[in-house]
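Read through the structure below, which is laid out as structure tokens, and then see the notes.
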Protein chains: 2
Amino acid sequence: MLKLSRLTDYAAVVMAQIARHPQASHAAADLAEAVQLPHPTVSKTLKMLVRAGLLASQRGAQGGYRLARPASQITAADIISAIEGPVAMTECSQAQGECELAATCGVADNWQRVSLAIRTLLESVTLAHLAASTPLKLPVQLPIQSISLSAVSA
Amino acid sequence: MLKLSRLTDYAAVVMAQIARHPQASHAAADLAEAVQLPHPTVSKTLKMLVRAGLLASQRGAQGGYRLARPASQITAADIISAIEGPVAMTECSQAQGECELAATCGVADNWQRVSLAIRTLLESVTLAHLAASTPLKLPVQLPIQSISLSAVSA
DNA sequence: TAATTGGGTACCATTTTAGTCCTGTATAAA
DNA sequence: TTTATACAGGACTAAAATGGTACCCAATTA
């Protein structure tokens, strides 16, 4: 299904929740309550987001989490790779020259290009977009079609 | 990692192999040999591709597999969904109204839009592109950026 | 009718994922 | 300085998905 893991899904929801109140410091327990998810799981997710540099944490009373930078400077790709590691469709999309089947494969190059296109797309969607109540209007139908078609002839 | 499953990867490689010799009928054993993968696994993959209508099979001596339609009419999205099911980034990208967290989620709509954009991208890449030895040149950097930027203002 | 080749199913091993818990450490307020 | 708050890190377990294998059946052709 090319699906995000559930934790990544949680991460996006939690990040969006924080992004809607950027000034406040958010305790893990409050966030868990707000998004209706088990506290330990949310906590785990938050730690991963801190380690990836997307959130800043403050210990002690009145502590909590806040965005490490403005929501407009945090991308969907950032959130995904914070939880799942780098966005890559295949093994060989990440590290070059480690697949022993490369000789018989014959699709590696093009998969990597598709993978790159998806990564770029995900980098163009920011947390500010995701958190906005106004739906992000991606005019997917025509423009992306035209991109790949022109790409073929190029 | 937003990664394809290994079987999906195999499927793409096998499909590309068949696409390079569209007239011939390809026995599972021959394909397994050509792409250097275990026979039973390749066989399993082939069956899934048949069930999805991407390959046609012929039993008996001189039988084998061939493309059900031209390589230019088979998309990356077809291959992925043949193995993994519909392309969708989150649970709620597929079926509307089944997520009980929708009220507190707040990102569902926009995730669905991103998911749709990726699906459209994958539908624009055909097996003919993947199988081509000439790299598919997707000019990802500028055009896709401009799409999403214009999308925001739209 | 025998040889070839795909079809289907069931099964097992492994890995990944999700979720929980426990203990430690930093901070702030009383 | 004490105490309550809240994050940090890691270990552990349970469950699910994935990948791989084996076996037997069905169809086709020579």
Side-chain angles (χ1 to χ4, degrees), chain A residues 1-14 18 24-68 80 82-85 88-91 101, chain B residues 1-14 18 24-68 80 82-85 88-91 101:
Chain A
M1 291 210 219
L2 203 77
K3 204 162 47 178
L4 298 177
S5 86
R6 219 187 300 186
L7 284 186
T8 309
D9 214 346
Y10 297 168
V13 174
V14 169
I18 297 177
S25 191
H26 300 263
D30 296 344
L31 288 170
E33 169 66 21
V35 301
Q36 287 292 300
L37 291 172
H39 178 186
T41 301
V42 168
S43 191
K44 187 180 187 176
T45 308
L46 290 166
K47 289 174 202 170
M48 288 194 260
L49 292 167
V50 169
R51 227 171 303 158
L54 304 186
L55 290 179
S57 64
Q58 174 74 23
R59 293 190 184 184
Q62 308 306 317
Y65 296 91
R66 57 187 70 212
L67 299 183
I80 294 172
I83 310 293
E84 315 195 14
M89 287 182 64
T90 58
E91 298 292 347
L101 296 175
Chain B
M1 292 208 217
L2 203 77
K3 206 162 46 181
L4 298 176
S5 87
R6 219 187 299 188
L7 283 186
T8 308
D9 213 346
Y10 297 168
V13 174
V14 169
I18 297 176
S25 191
H26 301 264
D30 296 345
L31 288 170
E33 169 66 21
V35 301
Q36 287 292 296
L37 291 172
H39 178 185
T41 300
V42 169
S43 192
K44 188 180 186 176
T45 307
L46 289 166
K47 288 174 202 168
M48 289 194 259
L49 292 166
V50 169
R51 226 172 303 160
L54 304 185
L55 289 179
S57 64
Q58 175 73 23
R59 293 189 184 186
Q62 309 306 316
Y65 296 92
R66 56 186 71 212
L67 298 183
I80 293 171
I83 309 294
E84 314 195 13
M89 288 182 65
T90 58
E91 299 292 346
L101 297 175

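Here the structure is a predicted model, which means the values were calculated and not measured. Order of the sequence lines sets the chain letters (A, B, ...), proteins ahead of strands, with each chain counted from 1.
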Sequence neighbours excluded, which residues qualify as side-chain hydrogen bond (donor to acceptor under 3.5 Å, both in side chains) partners of T8(B)?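 T8(B) satisfies side-chain hydrogen bond (donor to acceptor under 3.5 Å, both in side chains) with S5(B), E84(B) once adjacent residues are dropped.
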DNA chain C-proximal residues of residues 29-42 of chain B, any heavy atom under 4.0 Å: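 Within residues 29-42 of chain B, no residue comes under 4.0 Å of DNA chain C.
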Short N/O separations, protein against nucleotides 27-30 of chain C, under 3.5 angstrom:
| from | atom 1 | to | atom 2 | distance (Å) |
| --- | --- | --- | --- | --- |
| dT27(C) | O3' | Q58(A) | NE2 | 3.4 |
| dT27(C) | O2 | A61(A) | N | 3.4 |

Among all residues two or more places apart in sequence or in another chain, which pass the side-chain contact (heavy atoms from CB on, under 4.5 Å) test with [X]?
X	answer
A11(B)	T45(B), L49(B), I79(B), I83(B)
A68(B)	none
K44(A)	M48(A)
P38(B)	P40(B), T41(B)

Note, [X] side chain near [Y] side chain (heavy atom, < 4.5 Å):
X	Y	result
V50(A)	L46(A)	no
L54(A)	L67(A)	no
M89(B)	I80(A)	yes

How far does the helix from dT1(C)-dA30(D) to dA30(C)-dT1(D) bend, going by the axes of its first and last five pairs, to the nearest 10°?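 One end's axis against the other's: 20°.
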In whole Å, I'd like the distance from the CG atom of L49(B) to the C1' atom of dG7(C).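 Distance, rounded to whole Å: 14 Å.
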D9(A) CG to dT17(C) P, straight-line distance once rounded to whole Å: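 Roughly 14 Å, once rounded to whole Å.
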By nearest heavy atom, map L4(B) and Y65(A) onto DNA chain D; which one lands nearer the 5' end?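 Looking at DNA chain D, the more 5' nearest nucleotide goes with Y65(A).
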Dump the pairs, protein N or O against N or O of nucleotides 11-16 of chain C, anything under 3.5 Å, distances to one decimal.
none

Just the endpoints, please: which first and last nucleotides of DNA chain D, 5' to 3', lie under 4.0 Å from a heavy atom of chain A?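 Contact boundaries, 5' end first: dT5(D) to dG9(D).
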A quick test of your reading: do over 12 heavy atoms of other residues, nucleotides or ligands sit less than 6.0 Å from CD of Q36(B)?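 Check passes, neighbour count above 12.
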Euclidean distance, [Y] [atom2] relative to [X] [atom1], rounded to 0.5 Å:
X	Y	atom1	atom2	answer
T90(A)	K3(B)	OG1	NZ	9.0 Å
L2(A)	L4(B)	CG	CG	5.5 Å
R51(A)	S57(A)	CZ	OG	11.0 Å

Which side-chain N or O atoms in residues 24-35 of chain A pair as donor and acceptor under 3.5 Å with protein atoms at least two apart or in another chain?
| from | atom 1 | to | atom 2 | distance (Å) |
| --- | --- | --- | --- | --- |
| S25(A) | OG | G63(A) | O | 3.3 |
| S25(A) | OG | G64(A) | N | 3.4 |
| H26(A) | NE2 | H21(A) | O | 3.0 |

Mind checking L7(A) for me? I need base, sugar-phosphate or nothing, with any heavy atom below 4.0 Å counting as a touch.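 The answer is sugar-phosphate, as L7(A) gets under 4.0 Å only of primed atoms, P, OP1 or OP2.
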Is the phosphate of dG19(C) approached by Y10(A) (side-chain N or O, under 4.0 Å from OP1 or OP2)?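 For Y10(A), the contact criterion (side-chain N or O under 4.0 Å from OP1 or OP2 of dG19(C)) is met.
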Think S5(A) has a side-chain N or O under 4.0 angstrom from the OP1 or OP2 of dA18(C)?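 Checking dA18(C) against S5(A), a side-chain N or O does come within under 4.0 Å of OP1 or OP2.
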